[in-house]
Student: 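Quick one: structure below, then a few questions.
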Protein chains: 2
Amino acid sequence: MSFIGFLFFIFAFVKEMIFSKTVEYAIRAMIFIAQKSKKGIKVGIKEIAKATDAPEYFIGKILQDLSRKGLVQSLKGPTGGFYLEEESSNCSLADIVKAIDGNKLFTGCGLGLKSCSEIKPCPIHNEFKKVREDIYNMLEDARIGEFSKKLEKKLTFLRRK
Amino acid sequence: MSFIGFLFFIFAFVKEMIFSKTVEYAIRAMIFIAQKSKKGIKVGIKEIAKATDAPEYFIGKILQDLSRKGLVQSLKGPTGGFYLEEESSNCSLADIVKAIDGNKLFTGCGLGLKSCSEIKPCPIHNEFKKVREDIYNMLEDARIGEFSKKLEKKLTFLRRK
DNA sequence: CCAATAAAAGACATAAAAGTCTTTTATTGG
DNA sequence: CCAATAAAAGACTTTTATGTCTTTTATTGG
C-alpha cells in the first residue's frame with residue numbers, strides 16, 4: 001500500500017467529522033514534508049500534491065498560509081521548496097488545526113457558558129466537554145514528527161507482507 | 001434566561017464542532033416542539049423560528065424534511081402545525097443527525113479501514129474510534145423527550161434565582 | 001548577471017451550504 | 001361550500017468553502 005493510501009485510511013475517519021478539507025490536506029502535506037525533511041530534502045508543491053492526492057494549487061495556498069504562520073519553512077528558487085526545521089517537526093495536529101481554523105474547536109466554554117451552564121451544567125454539556133477534551137488531547141499528542149516515524153514503521157511492516 | 005438563551009449555551013459547544021447549521025436548528029426546533037407537544041399544542045413555523053432564533057423559511061424546509069422522514073408530525077390548515085407523537089418524542093439526537101446528514105458521522109470504519117488499519121491499527125486511529133463512539137453514545141442517549149424535561153426543570157430553577 | 005525555477009500574492013471560478021421567496025395543497029371553522 | 005390558515009413544494013439568491021489560474025518575487029547554478 002502507498003503512503004497516500006495509508007494516510008487515507010487514517011483520515012477517512014476524520015474528514016466527515018471535525019476537519020475541513022483545508023485542514024485535512026494540510027495535515028497530509030505536513031506529514032509528507034516531515035518525512036522528506038528528515039532526509040534533508042525540500043519538496044515542491046507539485047510533488048506534495050501528487051503524493052498526498054490533494055489539488056495542487058489549493059495545497060499551495062494552504063502551505064503559503066502555514067508558512068506565514070511559521071509552521072512550515074519554505075525557500076524560493078531552484079532547489080527550493082517546503083521543509084520543516086527541527087522545531088517545526090515537533091508541532092502537533094492541534095497546532096495545525098489552530099493555525100487554519102483558529103481555536104474555536106478547542107475553546108470550550110465561550111461567552112454564554114461561563115455564566116449559567118458552568119454553574120449548573122446540563123448533563124449533555126459535560127459530555128460534550130469531555131469529548132472536546134478528548135479530541136484536543138488526541139490532536140495535541142499527535143506530533144507530526146512522531147507520527148511520520150510511526151507511519152514509516154507501519155509502512156515497512158506492511159510492505160513485507 | 002430564556003429558553004432560547006439556554007439552548008444557545010448548550011449548543012455553542014457543538015456547533016463549530018460536529019453539526020451543520022441544519023442539524024443545529026433541527027435539534028433546537030425538535031426540543032421546542034416537544035415541549036409544546038407535551039401540552040397538546042401544535043406549533044407553527046413562525047413561532048418555532050422565533051423561539052429558537054432560527055431563520056423562518058429555513059427551519060420550514062428542515063422540518064418539512066424531518067416530517068417526510070417521520071421524525072416529526074405535521075398538520076396543515078388552521079390549528080395546524082408541527083407536533084410530536086409519543087413515539088417521536090423518544091427519538092434521540094443521533095436520530096436527527098442521521099436523518100439529516102446520514103450516518104457518515106457514525107459509520108466508523110469505512111472502506112479502507114476494514115482491511116489494513118483494523119489489523120494493525122495506528123494509535124491515532126484507535127483514539128478517533130473512541131471519540132466517535134463517545135459522540136455516538138452521547139447523541140444516542142440524549143432523547144428529545146428527556147432532554148426537554150430536564151431543560152424545563154433547569155429553567156424553573158433558574159427563574160427562581 | 002541571467003535564465004530557470006519555485007514559492008508568494010492576488011484575482012478568479014465552481015460547488016456546497018445556508019437562507020429566502022412564491023406558488024400549491026390540505027385542513028379547518030363558520 | 002368558502003375563506004382563511006398553515007404546511008409542502010419548488011425555484012431562487014446569497015454566502016462560504018473549495019479549487020484554479022496568472023503575475024510577481026526571490027533564489028540558484030552557470
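Side chains are part of it too, since the values below use all heavy atoms of this structure and drop only hydrogens, waters and symmetry mates. Residue numbering restarts at 1 for every chain, and letters A, B, ... go by the order of the sequence lines.
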Student: Classify the nucleic acid contact of A:Leu75 as base, sugar-phosphate or nothing, counting any heavy atom under 4.0 Å across all strands shown.
Tutor: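 Sugar-phosphate: the residue A:Leu75, judged by heavy atoms under 4.0 Å, touches backbone atoms but no base.
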
Student: Expressed as a whole number of angstroms, how long is the span from A:Gln64:CD to D:dC21:P?
Tutor: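 My rounded result for the distance is 16 Å.
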
Student: Measure from the side-chain N and O atoms of B:Asp141 to the backbone N and O of B:Met138, and report whether any donor-acceptor pair falls under 3.5 Å.
Tutor: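 Checking the backbone N and O of B:Met138 against the side chain of B:Asp141, no donor-acceptor pair under 3.5 Å is found.
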
Student: Does any nucleotide pair with D:dG30 by Watson-Crick or G-U wobble geometry, both distances under 3.5 Å, and what is it?
Tutor: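 D:dG30 is paired with C:dC1.
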
Student: Counting Watson-Crick and G-U wobble pairs only, both distances under 3.5 Å, name the nucleotide matched with D:dT25, or none.
Tutor: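 Paired with C:dA6.
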
Student: Once you round it to whole Å, what is the distance between P of C:dA18 and CD1 of B:Ile59?
Tutor: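 Rounded to the whole Å, the gap is 12 Å.
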
Student: Which nucleotide sits closest to the side chain of A:Lys21: D:dA7, D:dG19, D:dT20?
Tutor: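 It is D:dG19.
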
Student: Is there a Watson-Crick or G-U wobble partner for C:dT20 with both distances under 3.5 Å, and which nucleotide is it?
Tutor: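 Base partner found: D:dA11.
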
Student: Of all the nucleotides listed (C:dA11, C:dA7, D:dG19), which has the minimum atom distance to the side chain of A:Lys61?
Tutor: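 That would be C:dA11.
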
Student: Consider the side chain of B:Thr79, meaning its heavy atoms from C-beta on, and name the nucleotide among D:dT28, D:dT18, C:dT28 that approaches it most closely.
Tutor: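 Within the option list, the nearest is C:dT28.
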
Student: Starting at atom NZ of B:Lys69, determine the distance to atom C1' of D:dA9, rounded to an integer number of angstrom.
Tutor: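 Answer to the nearest Å: 15 Å.
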
Student: With sugar-phosphate meaning primed atoms plus P, OP1 and OP2, does A:Val43 contact a base, only sugar-phosphate, or nothing at under 4.0 Å between heavy atoms?
Tutor: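 Result for A:Val43 = sugar-phosphate.
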
Student: Does any part of the side chain of B:Ser88, heavy atoms only, come nearer than 4.5 Å to the side chain of B:Gln73, both counted from C-beta?
Tutor: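 The answer is yes; the side chains approach within 4.5 Å.
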
Student: Please tell me which of the listed nucleotides, D:dG19, C:dT22, C:dA6, lies nearest to the side chain of A:Lys76?
Tutor: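 Taking heavy atoms from C-beta onward, the closest nucleotide is C:dA6.
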
Student: Please report the distance, rounded to the nearest Å, between CD in A:Glu24 and P in D:dT18.
Tutor: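 So the CD-P distance, A:Glu24 to D:dT18, works out to 10 Å.
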
Student: Just how far, in rounded Å, is P of C:dA6 from CG of A:Leu63?
Tutor: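 In whole Å, C:dA6 P lies 15 Å from A:Leu63 CG.
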
Student: When the nearest nucleotide of DNA chain D is assigned to B:Gly81 and to A:Pro78 on a heavy-atom basis, which residue is associated with the more 5' position?
Tutor: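 Going by which nucleotide is closer to the 5' end, it is B:Gly81.
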
Student: Sub-3.5 Å donor-acceptor pair from the side chain of B:Ser37 to the main-chain atoms of B:Gly40, do we have one?
Tutor: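 Absent.
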
Student: How about B:Thr52 and B:Tyr25: do any of their side-chain heavy atoms sit closer than 4.5 Å?
Tutor: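 Of all side-chain heavy-atom pairs linking B:Tyr25 with B:Thr52, none is under 4.5 Å.
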
Student: Rounding to an integer number of Å, can you tell me how far A:Ile62 CD1 sits from C:dA9 C1'?
Tutor: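 That distance rounds to 16 Å.
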
Student: Rounding to a whole Å, what distance do you find between B:Asp65:CG and C:dA17:P?
Tutor: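 Nearest whole value for this atom pair: 14 Å.
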
Student: Show me the donor-acceptor pairs, under 3.5 Å and distance only, between side chains in residues 58-68 of chain A and residues at least two apart or in other chains.
Tutor:
residue	atom	partner	partner atom	Å
A:Asp65	OD1	A:Lys69	NZ	3.3
A:Asp65	OD2	A:Lys69	NZ	3.2

Student: Side chain of B:Phe82: nearest nucleotide among D:dA8, D:dT18, D:dA4?
Tutor: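 The closest nucleotide is D:dA8.
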
Student: Which nucleotide in the set D:dT28, C:dA18, D:dA7 lies at the smallest distance from any side-chain heavy atom of B:Phe58?
Tutor: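 Between D:dT28, C:dA18, D:dA7, the one nearest the side chain of B:Phe58 would be C:dA18.
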
Student: Starting from P on D:dG19, measure out to OH on A:Tyr25 and report it in whole angstrom.
Tutor: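 Taking OH of A:Tyr25 and P of D:dG19, I get 4 Å after rounding.
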
